[in-house]
Engineer: 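Provided herewith is a single structure, encoded as structure tokens, for subsequent inquiry.
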Number of protein chains: 2
Amino acid sequence: MKENYTIKDIAELAGVSKGTVDRVIHKRGKVSPKALEQVNKVLDKIEYKPNPIAKSLKNNKIYNIAILLPDADADPYWLPCYEAIKQVEQEFSHFGIKINKGVFKPKSTKSFTKAADLVIAEKPDAVLMVPLFYKEAEHVAKMCVAAGIKIATFNNYIKEPHINLEIGQDLFQSGRVAAKLFNMLLGNKATLAVLHIDEAFQNASHMQEKERGFKDYFAQKELAYTINVHNIKKESKIPFDQTIENFLKSIDDVDGLFVTTSKAYLLANHIAAYLPKSLIIGYDLVAENIKYLEEDKIAFLIHQDPKKQVYLSLTNLIEFFLFDKPLQESLTLPIDIINTENYPQYLN
Amino acid sequence: MKENYTIKDIAELAGVSKGTVDRVIHKRGKVSPKALEQVNKVLDKIEYKPNPIAKSLKNNKIYNIAILLPDADADPYWLPCYEAIKQVEQEFSHFGIKINKGVFKPKSTKSFTKAADLVIAEKPDAVLMVPLFYKEAEHVAKMCVAAGIKIATFNNYIKEPHINLEIGQDLFQSGRVAAKLFNMLLGNKATLAVLHIDEAFQNASHMQEKERGFKDYFAQKELAYTINVHNIKKESKIPFDQTIENFLKSIDDVDGLFVTTSKAYLLANHIAAYLPKSLIIGYDLVAENIKYLEEDKIAFLIHQDPKKQVYLSLTNLIEFFLFDKPLQESLTLPIDIINTENYPQYLN
DNA sequence: TTTTTTAATGTGTTCGAGCACATTTTTATT
DNA sequence: AATAAAAATGTGCTCGAACACATTAAAAAA
């Protein structure tokens, strides 16, 4: 029993030439019923899988992958994504992989659409994107499907049935993770605040998912928790910092603050002055959050690992193109709980 | 400016044949000084990297990787490793990769040595092992080095300078992670117990590393914590469960219990009866631990992700053999903090 | 039956690296 | 200068899949 049969092997076993075997496998026609049967008989017995390396060599094609992602200058959360891209480019530079970045402003749908148009015009083999803007992302997905371009998303979700690859975190569940942490720290009774802090509110569905999960936990456990929700957004002309301070002045008697965005540091900056006993749980290992984590002004951070998301998305697409590995339709990544002691290992 | 040059390209640029280029690259001699210079001049300009796919196809070699790991029947902690092996076998079945398992009893050095001898006798290209027994593992490493076999370790460490690949967790730091969690849950003053629970104590250095990290945290922060260390091991003829119960009867006034092994469930089983207010932090997502985690009898678990360790070790070795990717000498994996809400994502 | 058309099958080349072998050039020897 | 020996260089094949093209066999038309 051989392990890996080649086309030549099959040809010999079936008593035909490799050309005929090839035609049978690829259903290119021009095969007599007799030969077809002979080859299929062999194929049934041995389960042939073409050698992906030979296939790849013969192909010798350059695959273009476009990636639509927000500008890291506007929000450092996205910085690790760029590292992941660089890493993948290095690892796969000799495998004929080209990655084309389409950077957009995270607050501008126009910028997103423009970047998308630019990138799709070059007819890439796949488009990987952060679907920050629901309607616009849906449109991009549809255009890709129409053009036969593989389409993948990460970090956020849209409900498009033709997405080929979807990588992200279970946001509802991550809200529950935060809730459980508060529950452990504060016991069976407390007052909490959910804070949606961001400079803009387009497509804020991810924040709401986290809030839903957060509330769901306490409801399900029937705990005596009071939970207030606050939307805090940058007001024009007033510094964001000032807005935060005003907010903190306006509330009291809060045991814990759950920040659904990566902006927990804005809060932590002033927490000692106004609510010294309140615990903060936030998201994402951005530098400023880590600073306050280390100062114990942030209790926990939840890590969404954007770098891993990009890395996995890209390698999944690449291995699909190069080696015919199937695309994982949907991949839900772990919800990493971060404290002062374990954050360094997540940063590399 | 071309991206990927081939040997043929270089030959044309240097005005020689591809055979000569090949001899220069592989330093096989038989090249005139003049030709050498011509080729090197081109090589300096373009930075040639051979196409790993073509190389791999030509090679057409079957690589044998041996993996020495404990029997999962004796300790379910190792079960995910077997899943990782199966997964890698499937993913790389058409890349000429053979994985040979050498299973040993986790309490028997003899069994380890026997499995190692058996596996090395077949002259694999690499040996990946869990170096549970220091002296014996060191010996295996030396034998591999002598035989030109690549040697990799995971889960535990030995100090052998010739290890080619080392994957695991920072155990000292994971002790600190546990300490920090207790600190957050219990405040600035408490009494804790460190429990080394296992059925045998050979090579228990990993437990001690965790203990050191744990104590280090409180010492560094100068917190008023009392920490007592207990070794609990299976006594012959007495059921382990009974030993645990006796231990619990013997202590009181403990706010938290830190179990340095995967045996936290043995404790959790009886905690409600003897120390209902004590918090347990343990290691590893074995089924029984998860059960008590869900019942809130275990507060947190630290995940050592043996599956990921094996997966990364194997793929790293494979990509080294197939595509000349360099081996990462030492890779320290994140210390995952697990509670009731986030464990499922770590299990897949 | 012979010729034409169409269907079926086989052969040869390519991808890039790597190595065996053949050929050519240079150097040494008579 | 002729020949032998050694050194240098070039050619051609392999790995396995894929496809273009050539060849052969069978069916249709004359």
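Residue numbering restarts at 1 for every chain, and letters A, B, ... go by the order of the sequence lines.
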Engineer: Would you indicate whether the side-chain heavy atoms of Leu128(A) and Leu68(A) approach each other to under 4.5 Å?
Structural biologist: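 With C-beta onward as the side chain, the pair stays apart.
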
Engineer: Mind listing the residues from residues 11-25 of chain A sitting with a heavy atom below 4.0 Å of DNA chain C? Number order is fine.
Structural biologist: Val16(A), Ser17(A), Lys18(A), Gly19(A), Thr20(A), Arg23(A)

Engineer: Looking at residues at least two apart in the chain, or sitting in another chain, which of them share a side chain to side chain contact (heavy atoms under 4.5 Å, CB included) with Ala54(B)?
Structural biologist: Leu57(A), Asn51(B)

Engineer: Contact between Asn40(A) and Leu36(A) at the side-chain level, heavy atoms closer than 4.5 Å - yes or no?
Structural biologist: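 Asn40(A) vs Leu36(A): side chains touch.
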
Engineer: If you define the side chain from C-beta out and look only at heavy atoms, does anything of Asp336(B) sit under 4.5 Å from Pro334(A)?
Structural biologist: no

Engineer: With the side chain counted from C-beta on, respond yes when Glu83(B) and Tyr311(B) share a heavy-atom pair under 4.5 Å apart, and no when they do not.
Structural biologist: no

Engineer: Is any side-chain heavy atom of Pro326(B) closer than 4.5 Å to one of Phe320(B)?
Structural biologist: no

Engineer: Taking side chain to side chain contact (heavy atoms under 4.5 Å, CB included) as the definition, give me every residue that meets it alongside Glu89(B), ordered by chain and number, with sequence neighbours left out.
Structural biologist: Ile85(B), Ile99(B)

Engineer: I'd like to know whether CD of Glu138(A) has more than 12 heavy-atom contacts from other residues, nucleotides or ligands below 6.0 angstrom.
Structural biologist: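 Yes, CD of Glu138(A) has more than 12 neighbouring heavy atoms, counting only those of other groups under 6.0 Å.
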
Engineer: How far apart are the closest heavy atoms of Ile120(A) and Val140(A), and which atoms are they?
Structural biologist: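 Minimum heavy-atom contact is CD1-CG1, 3.9 Å.
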
Engineer: Taking any atom closer than 4.0 angstrom to a non-hydrogen atom of chain A, what span of DNA chain D does the protein reach, first nucleotide to last?
Structural biologist: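 Listed 5' to 3', the contact boundaries are dG16(D) to dC19(D).
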
Engineer: Reading DNA chain C 5' to 3', which nucleotide is the first, and which the last, to come under 4.0 Å of any heavy atom in chain A?
Structural biologist: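 Answer, 5' to 3': dA8(C) to dG16(C).
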
Engineer: Among Ile151(B), Ile158(B), Asn155(B), find the residue that satisfies the side-chain contact (heavy atoms from CB on, under 4.5 Å) test when tested with Pro131(B).
Structural biologist: Ile158(B)

Engineer: Closer to the 5' end of DNA chain D via nearest nucleotide, is it Lys34(B) or Asn60(B)?
Structural biologist: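 This one resolves to Lys34(B).
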
Engineer: Listed in order of residue number, which residues of residues 46-59 of chain B have a non-hydrogen atom at under 4.0 Å from DNA chain D?
Structural biologist: Leu57(B), Lys58(B)

Engineer: Side-chain contact test, heavy atoms from C-beta onward, threshold under 4.5 Å: evaluate it for Pro124(B) versus Ile65(B) and give yes or no.
Structural biologist: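 The answer is no; the side chains never approach within 4.5 Å.
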
Engineer: So do the side chains of Val130(B) and Phe112(B) get within less than 4.5 Å of each other, counting heavy atoms only?
Structural biologist: no

